[in-house]
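Working notes, beginning with the structure itself.
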Amino acid sequence: MLTEEERQLWGDMKPTMMSEEESDDQNDQILKRRRPSWRSDKLNQLIDVLDERMNGSNSKHHPKKQRVEGPLIDASTPPTAQPWMVREA
């Protein structure tokens, strides 16, 4: 369940703003998360909180694969990103 603030913030998200994930070659229960370099700490923290809630549920729709941080992806900031979503230079 989302708080009202989280719902408002998450409403600004677009699929192109999400991390890329790839399976670990050594272990299919591990996903390497590669975050876009442009994302702010606030946006990353929001995604972490929501991801933790989803992985903490017993839903069959949300597999419980371990996520580990991979290197950042050097990506351009999407034109639809709100100012709070973008890392300050």
Side-chain angles (χ1 to χ4, degrees):
M1 183 161 184
L2 300 176
T3 67
E4 186 57 36
E5 179 185 13
E6 291 167 344
R7 185 175 286 110
Q8 289 175 352
L9 294 173
W10 193 248
D12 292 334
M13 285 296 295
K14 306 290 183 251
T16 57
M17 298 176 183
M18 298 304 295
S19 299
E20 290 186 21
E21 293 182 328
E22 54 191 35
S23 294
D24 187 308
D25 293 334
Q26 308 295 317
N27 185 339
D28 66 352
Q29 292 302 308
I30 295 176
L31 291 175
K32 292 181 185 172
R33 178 172 38 204
R34 300 188 64 210
R35 296 178 175 195
S37 57
W38 59 265
R39 279 198 331 214
S40 70
D41 290 341
K42 183 175 182 176
L43 178 54
N44 284 330
Q45 289 169 353
L46 174 64
I47 291 169
D48 288 345
V49 165
L50 298 179
D51 190 47
E52 183 65 31
R53 286 186 200 157
M54 296 305 285
N55 284 330
S57 73
N58 291 325
S59 172
K60 63 182 178 185
H61 302 291
H62 303 287
K64 296 180 184 195
K65 292 188 177 186
Q66 179 185 1
R67 287 175 171 83
V68 296
E69 295 301 321
L72 293 177
I73 296 172
D74 187 23
S76 299
T77 304
T80 55
Q82 300 298 310
W84 70 269
M85 297 174 150
V86 181
R87 181 179 304 278
E88 293 182 26

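This is a predicted model, so every value here is computed, not measured.
Considering all non-hydrogen atoms of both residues, R53 and L2 come closest at NH1-CA, 4.0 Å. Heavy-atom minimum distance, P36 versus M17: CG-O, 4.1 Å. Minimum heavy-atom separation, L9 to M85: O-CE, 4.4 Å.
Here the CG atom belonging to L46 is positioned 8.0 Å from the CE atom belonging to M13, to the nearest 0.5 angstrom.
In this structure, the side chains of R33 and N44 stay at 4.5 Å or more apart for every pair of heavy atoms.
S19 pairs in a side chain to side chain donor-acceptor pair (under 3.5 Å) with only one of the listed residues (R34, R35, R39), which is R39.
Note on M18 and L43: same hydrophobic cluster, where clusters join Ile, Leu, Val, Met, Phe, Trp and Tyr whose side-chain heavy atoms are under 4.5 Å apart, directly or indirectly.
Residue pairs meeting the salt bridge (Lys or Arg N to Asp or Glu O under 4.0 Å) criterion with at least one member in residues 79-89, sequence neighbours excluded: D41-R87.
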Let me have the donor-acceptor pairs involving side chains of residues 71-84, under 3.5 Å, with sequence neighbours excluded, atom names and distances please.
residue, atom, partner, partner atom, Å
W84, NE1, D12, OD2, 3.2

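Environment of CD in E69: crowded, with over 12 heavy atoms of neighbouring residues, nucleotides or ligands closer than 6.0 Å.
Not counting sequence neighbours, the partners of E4 by the salt bridge (Lys or Arg N to Asp or Glu O under 4.0 Å) test are R7.
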